[in-house]
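Within every chain, numbering begins at 1; the chains are lettered A, B, ... in the order of the sequence lines, protein sequences first and strands thereafter.
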Protein chains: 2
Amino acid sequence: MQFSSRFTIAVHILVCTAMFQEREKVTSAFLAGSIGVNPVIVRNVLGQLSAAGLVGIRAGVGGAHLARPAEETTLLDVFRAVEKDEALFHFHENPNPLCPVGRNIHTVMDSRLTDIQSAMERQMAETTLRQLVDETQEKA
Amino acid sequence: MQFSSRFTIAVHILVCTAMFQEREKVTSAFLAGSIGVNPVIVRNVLGQLSAAGLVGIRAGVGGAHLARPAEETTLLDVFRAVEKDEALFHFHENPNPLCPVGRNIHTVMDSRLTDIQSAMERQMAETTLRQLVDETQEKA
DNA sequence: TGTGTTGTAACCGTTTCGATTACAACGACA
DNA sequence: TGTCGTTGTAATCGAAACGGTTACAACACA
């Protein structure tokens, strides 16, 4: 099991936009060149980031820009913008209600599964776009 | 993105085995009946749990049993037994080395991604099979 | 030897993913 | 107003993963 690469692509898009929006017109083709994927992929992810209010896009003329300060966007925001809004875990659907385990397994597990997902999301919220941009600039 | 249902199936298998191993012969058909999936699926997952040392299986005669006390098996053990051993996140593979972002995004993100995965695994390790069995028995 | 079970291989249909082509809609500017 | 570059979106493709299912050899025990 793996998350789709849309998540890291989205992060790449945001870091690039933050670093270049003052100097360049940040188009899907420009981003695709840095990321190394097809421009249509970039446009789709960019659309999700725009719908989530993380970036603004100028239709027609072209170019993306951050819709809010880099310190206010966390990896969790990016994750939620890009991944389908569904539970992380997939439960088998037909446990046998005649079995004491089958009847109760769902209830017993549910709180644990949400705890696990929450732990992951809490850690995602610890990193801001600002930190990623600063660290990238420092290395470059 | 979702984890495959093999994880919850594996947990179901272990709880069932813990509760019934004294009284019944816990075969793949028996488990499949409680879980509501095909016996072959059960045999495959059971094989992974056996390879990880969580259960023992008596080939030929049939029947699974816990290979260690229920308090010593956590959800993390089950997860690792059942999910392929690979990173949780999938990185896009061809970032442009000529771009300061493309060149460094991997390094900048890597530690964050492993932190996120670690947070998830830490939370998984908090729940033991014993807790799940006790809670299921209590409800039944 | 016969029976019940496990371990595997093979195949199927569905879904998801990323890649790609194609084209309408849009905004700016000559 | 007409052209041009860009975005938004639909359609299609091949590959991979999943779960379901059938089939059968290997195994242990009575």
Side-chain angles (χ1 to χ4, degrees), chain A residues 1-10 12-13 17 20-21 24-33 35-52 55-65 67 81-95, chain B residues 1-10 12-13 17 20-21 24-33 35-52 55-65 67 81-95:
Chain A
M1 205 295 311
Q2 279 193 320
F3 291 102
S4 89
S5 65
R6 282 204 313 280
F7 177 60
T8 56
I9 289 175
H12 194 140
I13 286 174
T17 304
F20 293 113
Q21 63 181 348
E24 316 255 357
K25 186 162 77 163
V26 185
T27 67
S28 63
F30 174 85
L31 290 165
I35 300 172
V37 298
N38 192 284
V40 177
I41 308 283
V42 174
R43 288 209 282 275
N44 286 334
V45 175
L46 213 38
Q48 293 180 294
L49 294 176
S50 168
V55 303
I57 306 172
R58 300 205 304 166
V61 54
H65 54 93
V82 153
E83 288 289 335
K84 275 207 304 275
D85 189 19
E86 62 183 3
L88 184 56
F89 294 95
H90 182 84
F91 224 100
H92 51 288
E93 314 222 330
N94 303 308
Chain B
M1 204 292 312
Q2 281 193 318
F3 291 103
S4 89
S5 65
R6 282 204 314 280
F7 177 59
T8 56
I9 289 174
H12 195 140
I13 287 174
T17 303
F20 293 114
Q21 62 181 349
E24 315 255 357
K25 187 160 77 164
V26 184
T27 67
S28 63
F30 175 84
L31 290 166
I35 300 172
V37 297
N38 193 285
V40 177
I41 308 283
V42 174
R43 289 209 281 275
N44 286 335
V45 175
L46 214 36
Q48 293 180 294
L49 294 176
S50 167
V55 303
I57 305 172
R58 300 204 305 166
V61 55
H65 55 93
V82 153
E83 289 289 336
K84 278 207 304 274
D85 191 18
E86 63 183 3
L88 185 56
F89 294 95
H90 182 85
F91 224 100
H92 50 289
E93 315 222 329
N94 304 307

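- When every heavy atom of B/G56 is checked against every heavy atom of B/A67, the shortest pair comes out as N-CB, 4.0 Å.
- When every heavy atom of B/H12 is checked against every heavy atom of A/P95, the shortest pair comes out as CE1-CB, 4.1 Å.
- We find that CG of B/N94 is positioned 11 Å from P of C/dT20, with the value rounded to whole Å.
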(message) I'd like to compare against my own output: the B/S/- annotation of nucleotides 22-30 of chain C with a strict under-4.0 Å heavy-atom distance to protein.
(response) B---BS---

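- In this structure, B/I35 places its CD1 atom 11 Å from P of D/dG20, rounding to the nearest Å.
- Judged as a side chain to side chain contact (heavy atoms under 4.5 Å, CB included), and not counting sequence neighbours, the contacts of A/T27 are A/K25, A/A29, A/F30.
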Tell me which donor-acceptor pairs under 3.5 Å the side chains of residues 41-52 of chain A have, and how far apart each pair is, sequence neighbours excluded?
{"from": "A/R43", "atom 1": "NH1", "to": "A/S28", "atom 2": "OG", "distance (Å)": "3.3"}
{"from": "A/N44", "atom 1": "ND2", "to": "A/V40", "atom 2": "O", "distance (Å)": "3.4"}
{"from": "A/Q48", "atom 1": "NE2", "to": "A/V82", "atom 2": "O", "distance (Å)": "3.4"}

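- Residue B/N38 has a polar side-chain atom (N or O) positioned under 4.0 Å from OP1 or OP2 of D/dT21.
- Between B/S5 and the phosphate of D/dG19, there is a side-chain N or O to OP1/OP2 separation shorter than 4.0 Å.
- Proximity of B/T27 to the phosphate of C/dT5: no side-chain N or O atom is located under 4.0 Å from OP1 or OP2.
- Between B/F30 atom CZ and C/dG4 atom P the separation is 18 Å, expressed in whole Å.
- At whole-Å resolution of the value, CD in A/E83 and P in C/dT16 are 12 Å apart.
- Under the rule for a side-chain hydrogen bond (donor to acceptor under 3.5 Å, both in side chains), B/S5 has no partner lying at least two apart in sequence or in another chain.
- The side-chain hydrogen bond (donor to acceptor under 3.5 Å, both in side chains) check on A/H65 picks up nothing, with sequence neighbours excluded.
- Nucleotides of DNA chain C nearest to B/H90 and B/I57 differ in position, and the one nearer the 5' end is that of B/I57.
- At whole-Å resolution of the value, CG in B/L46 and C1' in C/dT6 are 9 Å apart.
- Taking only side-chain nitrogens and oxygens, A/S4 never comes nearer than 4.0 Å to OP1 or OP2 of C/dT16.
- Taking atom CG of residue A/N44 and atom P of nucleotide C/dG18, one finds them 11 Å apart after rounding to whole Å.
- Note: CD (B/Q48) to P (C/dG7) measures 12 Å, nearest angstrom.
- Separating the CD1 atom of A/I41 from the C1' atom of C/dT20 is a distance of 9 Å, rounded to the nearest angstrom.
- With sequence neighbours excluded, the residues that form a ring pair (Phe, Tyr, Trp, His ring centres under 6.0 Å) with B/F89 are A/F3, A/F7.
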